Amino acid sequence: MTHTDIKSRIEAEFGASSVLDTIENATPKGLVVSIDNLQDVCLFLRDNEQTYFDSLSCLTAIDNGVEANTIEVNYNLYSIPYNFHLLLRVIVARNQEEADLPVIPTVSDVWKTAEWHEREAFDLVGITFEGHPDLRRILLPTDWQGHPLRKDYSTQEYYHGMKVDY
Amino acid sequence: MSTVQYTYDPKHLEASEPTKYKPEDLTEEQMLINIGPQHPSTHGVLRFEVITDGEVVVDVVPHLGYLHRCFEKHAESMPFNQVIPYVDRLDYVGAMNNEHAYVMGVERMLGIENDIPKRTEYIRVLVAELNRLASHFVAIGTYGLDIGAVTPFLWMMRDREHILRMLEWVSGARMLYNYIWIGGLFYDLPVGFEERCKEFVTYLKPKLVETRDLLLSNKIYVERTANVGVLSRDLAINYGVTGPMLRASGLRFDLRRIDGYSVYPELDFEIPVGEGTVGTVGDCWDRTWVRYRECEESVKIIEQCLEVLTKEHKRTRDYDPRAMVPKKIRPQAQDFYVRAENPKGELGFYFRADGRNDVPVRCKARSCCFSNLSVVPEISRGVLIADFIAIVGSVDFVLGEVDR
C-alpha cells in the first residue's frame, strides 16, 4: 500500500476533486485533501477494511506566514493492523481577525485524540474547528490575547496588570 | 532598566481559567470540587474540576497549562542542536528517552542515521533504559503513595537514586542530561561505568522481587486497584493512548519492536501486556503490573547492552563519540514525523525544515501524557472519588510533557 493507492481509493469514493495534491517531500508521504469532505474522508480511511487507520498519531497546525497567507493542518494517521503511516493535510486561508479565524471541520468524532489536539491548535495557532464539542483554550489562560504560534504574533502588553515583555 | 511594575485592579482577581460548569448548570445534589492545581495526587500542577453527586464522580474536566513553557515557540527560534536541553524538560523523569527520540528524528532528516557508530547506539539504549527504569520507579512508587502505601515509595526512590547518580556520573546532571547529541554523544561512558552498572543490576534484581511482593500482591493494594478504571482496547486506541497504558489494555504494541529503531532489533526482550490477573484487562492494577514487568525487561536490555559494550564494542582509544556530530545541522526542506517509545508512551516530533536555515520552521511535540490524560474523564465517570484518585495515579503522566 502506498499513498497513491490511497489517493485512488479516495478519488473512487469521493470524486476526483477530493484529493488536491500528493505530498512527496515528507516522511511519511501524504495527500492534500479538500476541506469540504475532510470528515467523510477520515471516516472512510478509518473504517475501510483496506486502510483501517484506527489511530491519529499527531495533529499539527502550521502557520505558513504572512507572505504565503495560508494555514495548514497536518494529520498523521497510523494504521495499527497494517503498520502504515499516512499524512493528511488541509490548507486554508490565513485569516487574522479574531472573529474571522479560519474554519476547518473537526475530526474529533472520528478519533477522540483530535479533541484535545484541536483545542491546542485553536489555542496556539488560531483555527476554529467546526463541530468541536468543547472548543476552549487548553494550554494558555482563557483571557489570553492572540495565538502565539502565528508567525507574526506579538505579545500583549499587559496581562492582569503584569507586564508581559519585561 | 525599568523595574517590573504591577498596578492593582479588582478585575485582576478574576480567574483566568474559569470552571466549565457554572453553578446554575448543577442540580441540587451535585457539587463542584476542584482537585489541584496544588494537590499531591495530581502529580504536578494539574487541576481537575470534578462534579460529584455525594461520593460519586459525575464528570471530570481537566484544566491544563499551569506548567506551559512555550516549548514549540522556543524551538522555532533556535537551531536544532540547541533544542535538546528543552526536550529534556518535556518528560523530566525520562529525559534520556526524550533526547533519544528527538535526536533520532533530526539524524534521519539529515540522513546520517546509518553512520552512527554501534557503540554510540548501544550507549544510547543503555542510558535510555536506565532512565526508563527510573521513570517506572517514580510511577510505581508514587502510585503506591497515592493510595496509601508509603514504604514502596521510599524503596523505589532509594533505587532510583542509584540510577540518577550513575547518570550524573555519565552526563554531569541528575535529571536533565543533554547527553545524547545529534550524531553522537556528549562523552564516552566514564571509565568503570560498565562494572558499576553490572553491580547495580545484581543489586536491583532482588529488589524488584521485593517490590512485587510488597506492593503488587498486597491485598489492600489489589482491592484498591483491581477492576477500577477499566480502559477497553478500542477506546484506548481511539483516544491515542499509548505506552504501558495501551499494553495494559491488551494490545501488544511497543514501538521498540514495531519500528525497531536504534539497536533494539538486536536485543532480546519481551513485551508485557495486561492479562487481567486479579481483575479485568485494562484496570489500574494491570497498568502498574505492565510497568513493573517492563522494569524486568529493561534490566534484561541493560545486561545485554553491557555485554556488548564490554566485548564486541568495547572502549577503545580511537572511539570518538563526537566524530559524527555535524558542524552545521541544516536538513533539506521536508516534513518529518518521528516517534519513539518513551516510558509513558509514544513521543513524536513533527518537524518542518525549510532547507535554508538551521532553525526548524515548526517543531511540534506529540506528547504521550497529553493523549493519555485525555482519556481520564471518559473512564472516571460514575466511579467513587477515592477510585478517581487511583485512576489518575495509574495514568502516570508528567505535567512537564502534558503542558510543554
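Just so it is clear, the model here is predicted, and its values are computed rather than measured. Labels below follow one simple rule: chain letters A, B, ... track the order of the sequence lines, proteins then strands, and each chain is numbered from 1.
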Check: Ignoring hydrogens and geometry, is there a side-chain-to-backbone donor-acceptor pair from B/N238 to A/W111 under 3.5 Å?
Finding: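 A pair under 3.5 Å: no.
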
Check: Is the side chain of B/K73 donor-acceptor paired with the backbone N or O of A/L149 at a distance under 3.5 Å, no angle test?
Finding: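 No.
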
So which bits of [range] come within less than 4.5 Å of chain A, counting non-hydrogen atoms only?
range: residues 103-111 of chain B; value: none
range: residues 356-368 of chain B; value: B/V361, B/R362, B/K364, B/R366
range: residues 248-260 of chain B; value: B/L251, B/F253, B/I258

Between [options], which has the largest tally of heavy atom pairs under 4.5 Å with chain A?
options: B/F336, B/F351, B/Y350, B/Y66; value: B/Y350
options: B/P62, B/S374, B/G65, B/S371; value: B/S374
options: B/Q332, B/E378, B/K20; value: B/K20
options: B/R339, B/E346, B/E76, B/E17; value: B/R339

With a 4.5 angstrom heavy-atom cut-off, which part of [X] approaches chain B: side chain, backbone, both or neither?
X: A/N76; value: side chain
X: A/R150; value: backbone
X: A/D123; value: neither
X: A/E24; value: neither
X: A/H117; value: both
X: A/L59; value: backbone
X: A/D143; value: both

Check: At a heavy-atom separation under 4.5 Å, does B/D9 approach chain A through its side chain, its backbone, both, or neither?
Finding: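 Neither part.
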
Contacts under 3.5 angstrom, residues 62-70 of chain A side chains, donor-acceptor by atom type, not counting sequence neighbours:
{"from": "A/D63", "atom 1": "OD1", "to": "A/G65", "atom 2": "N", "distance (Å)": "3.0"}
{"from": "A/D63", "atom 1": "OD1", "to": "A/R94", "atom 2": "NE", "distance (Å)": "2.6"}
{"from": "A/D63", "atom 1": "OD2", "to": "A/R94", "atom 2": "NE", "distance (Å)": "3.2"}
{"from": "A/D63", "atom 1": "OD2", "to": "A/R94", "atom 2": "NH2", "distance (Å)": "3.1"}
{"from": "A/D63", "atom 1": "OD2", "to": "A/K151", "atom 2": "N", "distance (Å)": "2.7"}
{"from": "A/N64", "atom 1": "OD1", "to": "B/R352", "atom 2": "NH1", "distance (Å)": "3.2"}
{"from": "A/N64", "atom 1": "ND2", "to": "A/T70", "atom 2": "OG1", "distance (Å)": "2.9"}
{"from": "A/N64", "atom 1": "ND2", "to": "A/E72", "atom 2": "OE1", "distance (Å)": "3.0"}

